[in-house]
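Contents: one structure, followed by commentary.
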Number of protein chains: 2
Amino acid sequence: MEKKDDFDLENFLPFLLNQAAEESSLAFQKVYKSRYGLLRTDWRVLFHLGIYGRMTAKEIGQRSKIHKTKISRAVQRLAERRYLTRTRDENDRRSEHLELTPAGEAVYRDLRGIAEDYDARLTAQFTRGENALLRVMLRRLAGMG
Amino acid sequence: MEKKDDFDLENFLPFLLNQAAEESSLAFQKVYKSRYGLLRTDWRVLFHLGIYGRMTAKEIGQRSKIHKTKISRAVQRLAERRYLTRTRDENDRRSEHLELTPAGEAVYRDLRGIAEDYDARLTAQFTRGENALLRVMLRRLAGMG
DNA sequence: GGGTAATAGTTGTTTTTGTAACCAACAATA
DNA sequence: TATTGTTGGTTACAAAAACAACTATTACCC
């Protein structure tokens, strides 16, 4: 298609990053959605608990930069499904400790395996060095550098 | 924080890409939102018309992979603001040609300039070679490779 | 030509998200 | 020990996205 203006939208980072993020999330999303009815924030919270064990909503927020209302709602959904338990902190009764139940652990382990395979497939398209550089650059762009 | 399980969430591409995409979109979003009250899909449609000139909703969809209902509503909003005009195709009366008005062009040029500056700032963090590689990899991941 | 399928785009309904206001528990200060 | 400010987390309401069903027009094909 003939161009009227030469701005390069396809190389504009916010656009390109979004397209890559969406496309690369799609197949994984299908799994956690169809298999467990989870939302994006749900699996993220689940993974945080699976990886780090018992933690509070606040700690999850600090680590992931997910907004606290989203976390609050994800925790509700996961608790309804009995994937996690909530226990008040006796020293500070405002916060509560979240922890996966055995059922939650099982879901985590299943999805974790799928995530690993999936990431390996994405990664296999590039060389080791390219992949390392990509991660560094993305972390920097994400403000996690 | 001590880990219970060693899955590397921060390097899981779908997660990392999303974080980078969100973070890198934020500052630009503030501009098109506060200055013109536009939504994400709105500026994308606007940019397509600014770059390629007159085109149909379908063509925009093919090029951007934005869903047709999102495009339909973005076009409505842009038309209400008199940023574009819609004219039926006489050969195929199902489709209509979209084209920016002078007002729409002005908004496009303003945002285009900001996008260029913004992208330049993001890009300045890396070397020329790193940037080239990043684009290639992202396009591949986005299925635009 | 008449019937069926395909296509461009729209609309309606339900989910999710964003934003701000809110509660309850704690901290700090006077 | 009142007072004021913070903090962890929730809720309410408005805005936006997802999904499916729909209209109108064109294409196919017997």
Side-chain angles (χ1 to χ4, degrees), chain A residues 18-19 21-23 25-26 29-30 32-34 36-46 48-49 54-81 84-99, chain B residues 18-19 21-23 25-30 32-34 36-46 48-49 54-81 84-99:
Chain A
N18 254 298
Q19 301 275 122
E22 257 173 55
E23 180 65 30
S25 301
L26 220 77
Q29 181 185 25
K30 279 212 176 74
Y32 63 70
K33 200 168 175 179
S34 71
Y36 299 107
L38 296 181
L39 259 31
R40 204 159 57 108
T41 309
D42 296 346
W43 80 258
R44 290 182 175 195
V45 167
L46 187 85
H48 277 270
L49 295 173
R54 175 189 185 82
M55 63 197 296
T56 68
K58 186 196 176 188
E59 289 166 336
I60 294 175
Q62 289 168 334
R63 195 167 273 283
S64 63
K65 302 190 202 300
I66 302 174
H67 194 272
K68 60 180 182 172
T69 65
K70 276 199 201 170
I71 294 175
S72 173
R73 281 163 175 150
V75 168
Q76 284 179 40
R77 285 186 293 265
L78 294 171
E80 270 167 28
R81 282 159 219 244
L84 59 77
T85 58
R86 341 170 69 164
T87 51
R88 278 230 167 277
D89 180 325
E90 279 309 318
N91 296 331
D92 182 345
R93 305 183 38 71
R94 285 170 302 184
S95 70
E96 49 187 12
H97 299 279
L98 308 170
E99 194 164 16
Chain B
N18 254 297
Q19 301 273 124
E22 256 174 53
E23 180 65 30
S25 301
L26 220 78
F28 184 57
Q29 180 186 24
K30 279 214 176 75
Y32 64 70
K33 198 168 175 180
S34 70
Y36 299 107
L38 296 181
L39 260 32
R40 206 161 57 110
T41 311
D42 296 345
W43 80 258
R44 289 183 175 195
V45 167
L46 188 86
H48 277 268
L49 296 173
R54 173 190 187 84
M55 62 197 298
T56 67
K58 186 196 177 189
E59 290 166 336
I60 295 175
Q62 290 169 332
R63 194 167 273 284
S64 63
K65 303 189 201 299
I66 302 173
H67 193 272
K68 61 181 182 172
T69 65
K70 276 199 203 171
I71 295 175
S72 172
R73 280 164 171 147
V75 167
Q76 284 179 38
R77 285 186 294 265
L78 294 171
E80 271 168 26
R81 281 161 220 243
L84 60 76
T85 58
R86 341 170 67 164
T87 51
R88 280 237 162 276
D89 181 325
E90 278 312 316
N91 296 331
D92 183 344
R93 304 183 38 69
R94 285 171 301 185
S95 71
E96 51 188 12
H97 298 277
L98 309 170
E99 193 165 18

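This one's a predicted model, so the numbers in the text were calculated from it and none came from an experiment. Keep in mind that the numbers below use all heavy atoms, side chains included, and drop hydrogens, waters and symmetry copies. So you know, we letter chains A, B, ... as the sequences are listed, proteins then strands, and number each from 1.
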| remark: In whole angstroms, the gap separating P of dT10(C) from CD of Glu80(B) amounts to 12 Å
| query | How is Arg88(A) classified with respect to the nucleic acid when contacts are heavy atoms under 4.0 Å: base, sugar-phosphate, or nothing? | reply | nothing
| remark: Min and max contacting nt of DNA chain D in 5' to 3' order, chain B heavy atoms within under 4.0 angstrom, are dA16(D) to dT26(D)
| query | In whole angstroms, how far is the C1' atom of dG9(C) from the CD1 atom of Ile60(B)? | reply | 12 Å
| query | Counting any heavy atom closer than 4.0 Å, what does Ile71(A) reach on the DNA or RNA strands: base, sugar-phosphate only, or nothing? | reply | nothing
| request: Measure the distance from NZ on Lys58(B) to P on dA8(C) and round it to the nearest whole Å. | output: 4 Å
| said: According to side chain to side chain donor-acceptor pair (under 3.5 Å), who are the partners of Glu22(B), at least two apart in sequence or on a separate chain? | reply: none
| Along DNA chain C (nearest heavy atom to each residue), the more 5'-positioned of Ser95(B) and Leu39(A) | Ser95(B)
| field | Atom-pair distance (NE2 on His97(B); C1' on dG9(C)), nearest Å | value | 14 Å
Could you list the donor-acceptor pairs under 3.5 angstrom formed by side chains in residues 67-76 of chain B, with sequence neighbours left out?
residue  : atom : partner  : partner atom : Å
His67(B) : ND1  : Thr69(B) : N            : 3.1
His67(B) : ND1  : Thr69(B) : OG1          : 3.2

| query | Should the ring pair Trp43(A) and Tyr32(A) be called parallel, tilted or perpendicular, given that the plane angle runs from 0 to 90° and is split at 30 and 60? | reply | tilted
| request: Tell me whether the OP1 or OP2 atom of dG9(C) has a side-chain N or O from Gln76(B) closer than 4.0 Å. | output: no
| task | Just jot down the side chain to side chain donor-acceptor pair (under 3.5 Å) partners of Arg77(A), sequence neighbours excluded, or say none. | result | Asp42(A)
| task | Nearest whole angstrom, please: distance from the P of dT15(C) to the CG of Leu38(A). | result | 17 Å
| message | My understanding is that only residues two or more places apart in sequence, or in another chain, count here; which of them pass side chain to side chain donor-acceptor pair (under 3.5 Å) with Glu99(B)? | response | Arg54(B)
Report all interatomic pairs (protein N or O, nucleotide N or O of nucleotides 19-25 of chain C) with separations under 3.5 Å.
residue : atom : partner  : partner atom : Å
dT19(C) : OP1  : Lys33(B) : NZ           : 3.3

| said: Could you work out, with salt bridge (Lys or Arg N to Asp or Glu O under 4.0 Å) as the rule, every residue matching Asp92(A), not counting sequence neighbours? | reply: Arg94(A)
| note | In short, Ser64(A) meets His48(A) closest at the heavy-atom pair CB-NE2, 3.5 Å
| request: Using the test salt bridge (Lys or Arg N to Asp or Glu O under 4.0 Å), find all partners of Arg93(B) that sit at least two apart in sequence or belong to another chain. | output: Glu90(B)
| NA contact type, Arg86(B), heavy-atom cut-off 4.0 Å: base, sugar-phosphate, or nothing? | sugar-phosphate
| message | Measure CD/Gln29(A) against C1'/dT16(C) and give the value in whole Å, please. | response | 12 Å
| field | d(CG, Asp89(A); C1', dC26(C)) in whole Å | value | 12 Å
| note | With sequence neighbours left out, the residues meeting side chain to side chain donor-acceptor pair (under 3.5 Å) with Asn18(A) are Ser25(B), Arg40(B)
